[in-house]
*Asks:* 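Next up is a structure, given as structure tokens.
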Amino acid sequence: TAKQLVVQRIREAERGQVYDEFSNRQGEIVTGTVQRISNDTVFINIGKAEGILSINEQVRGEKYAVNSRLKVYIMDVKKTTKGPQVYLSRSHPGLVKRLFELEVPEIADGTVEVKAISRVAGARSKIAVYSKDPNVDAVGACIGPRKSRITSVVNELKGEKIDVINWCEDPAQFIAKALAPAEVINVVLSEEEGVRECRVTVPDNQLSLAIGNKGQNAKLAAGLTGYKIDIVSESSAKAEAADDEN
């Protein structure tokens, strides 16, 4: 009985250590090895613990094979009767941020700051960056010489497209930048009942580009800026203005 009690206490202490270690690492990324796959849930060996990558945190289209290695984001850690459970993610926007920190020394040392990230996992991400040093180009630092840094991040995300834009304090300018690669003619801001909205006018031939495939570009820009974005073509805006005058 004494032996069982000692063994039990040792196990509890070990579990406590594992919980403390990983709860302090929430928001970080780790490299793990896929151990097994059960009912679409992927179990990943991340050292002292087994991490859980549920189907909701996986990226549609990504394939996970036993013994393959991949980088995962530590989303949450919970105590259970089986010991600490570490919940992982491949679709969290934080994964993109942490990958850039690994690849871009200027982000790691604080010279370049990641101000906002918006992500449609597996398809496209937009990341807004700002340089505290006027001599450092934030976008250039993230892209790297011959696109080497951004290519490493894209490869880790299995080909997900990434737009890197300069963050700016002026909301209208920031919204225009966020809708790149589309050109923007003007941005009109409004706020009602705490909801920040804007109306963006774009050239007629840029309307579909601004909205993006399945509304993706507009959705990402809205997520990045925090504004609800209504996009109209230049001819529609002019027609509306003419109606208002009449």
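By convention here, the first residue in the shown sequence is residue 1.
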*Asks:* State plainly whether the residues Glu240 and Arg199 are in salt-bridge range, i.e. N to O under 4.0 Å.
*Replies:* yes
*Asks:* With a 4.5 Å limit on heavy-atom distance, are the side chains of Ile162 and Val154 in contact?
*Replies:* yes
*Asks:* Same cluster or not: are Leu209 and Val200 linked, directly or through other Ile, Leu, Val, Met, Phe, Trp or Tyr residues, by side-chain heavy atoms under 4.5 angstrom apart?
*Replies:* no
*Asks:* Is Lys158 atom NZ crowded by more than 12 heavy atoms from other residues, nucleotides or ligands, each under 6.0 Å away?
*Replies:* yes
*Asks:* Just to verify, which of Val202, Ile231, Leu179 counts as forming a side chain to side chain contact (heavy atoms under 4.5 Å, CB included) with Ile211?
*Replies:* Ile231
*Asks:* Tell me, please, which residues at least two apart from Lys238 pass salt bridge (charged side-chain N to carboxylate O under 4.0 Å, His left out).
*Replies:* Glu234
*Asks:* Only one of Asn217, Val187, Ile175 passes side chain to side chain contact (heavy atoms under 4.5 Å, CB included) with Ile229; say which it is.
*Replies:* Ile175
*Asks:* How about NZ on Lys115, more than 12 heavy atoms from neighbouring residues, nucleotides or ligands closer than 6.0 Å, or not?
*Replies:* yes
*Asks:* When you measure from the side chain of Arg124 to the backbone N and O of Asp163, does any donor-acceptor pair fall under 3.5 Å?
*Replies:* no
*Asks:* So, does Lys126 use its side chain to make a donor-acceptor pair with the main chain of Ala178 at under 3.5 Å?
*Replies:* yes
*Asks:* May I ask whether Ile127 and Leu224 are part of the same hydrophobic cluster, defined by side-chain heavy atoms of I, L, V, M, F, W, Y residues being less than 4.5 angstrom apart, directly or through others?
*Replies:* no
*Asks:* Under 6.0 Å from the CD atom of Glu191, do we count more than 12 heavy atoms belonging to anything else shown?
*Replies:* yes
*Asks:* When you measure from the side chain of Thr225 to the backbone of Ala221, do you find a donor-acceptor pair of N or O atoms at a distance under 3.5 Å?
*Replies:* yes
*Asks:* Any idea which heavy atoms bring Val18 and Ala49 closest together, and the distance?
*Replies:* CG1-CB, 3.8 Å
*Asks:* Using the test salt bridge (charged side-chain N to carboxylate O under 4.0 Å, His left out), find all partners of Asp137 that sit at least two apart in sequence or belong to another chain.
*Replies:* none
*Asks:* Give a yes or no on whether the backbone of Ser148 and the side-chain of Ser152 come within a donor-acceptor separation of less than 3.5 Å.
*Replies:* yes
*Asks:* Ile52 and Leu70: same hydrophobic cluster, using ILVMFWY side-chain contacts below 4.5 Å?
*Replies:* no
*Asks:* Give a yes or no answer on whether the side chain of Ser54 reaches the backbone of Thr41 with a donor-acceptor pair at less than 3.5 Å.
*Replies:* no
*Asks:* Kindly give the heavy-atom pair with the smallest separation between Arg25 and Val30, and that separation in Å.
*Replies:* NH2-CG1, 3.0 Å
*Asks:* Taking Arg119 for its side chain and His92 for its backbone only, find out whether a donor-acceptor pair lies under 3.5 Å.
*Replies:* yes
*Asks:* Does Ile150 reach the side chain of Phe100, with side-chain heavy atoms less than 4.5 Å apart?
*Replies:* yes
*Asks:* Give a yes-or-no answer on whether the side chains of Thr201 and Asn186 include a donor-acceptor pair shorter than 3.5 Å.
*Replies:* yes
*Asks:* Looking at every non-hydrogen atom in both residues, tell me the closest pair between Ile185 and Pro203 and how far apart they are.
*Replies:* CD1-N, 3.6 Å
*Asks:* Restricting to non-hydrogen atoms, name the atom on Ile107 and the atom on Cys142 that form the minimum distance, rounded to 0.1 Å.
*Replies:* CD1-SG, 3.9 Å
*Asks:* Checking the side chain of Thr151 only, and the main-chain atoms of Lys147 only, is there a donor and an acceptor separated by less than 3.5 Å?
*Replies:* yes
*Asks:* Out of Arg69, Arg98, Arg90, which one pairs with Glu156 under the salt bridge (charged side-chain N to carboxylate O under 4.0 Å, His left out) rule?
*Replies:* Arg90
*Asks:* CG/Leu207 to OG/Ser233 distance, rounded to the nearest 0.5 angstrom?
*Replies:* 5.5 Å
*Asks:* Kindly indicate, with the supporting measurements, whether the criterion salt bridge (charged side-chain N to carboxylate O under 4.0 Å, His left out) is fulfilled by Arg149 and Glu106.
*Replies:* CA-CA 12 Å; Arg149 293 171 178 176; Glu106 291 86 347; 3.0 Å; yes
*Asks:* My understanding is that only residues two or more places apart in sequence, or in another chain, count here; which of them pass side-chain hydrogen bond (donor to acceptor under 3.5 Å, both in side chains) with Tyr64?
*Replies:* Glu62
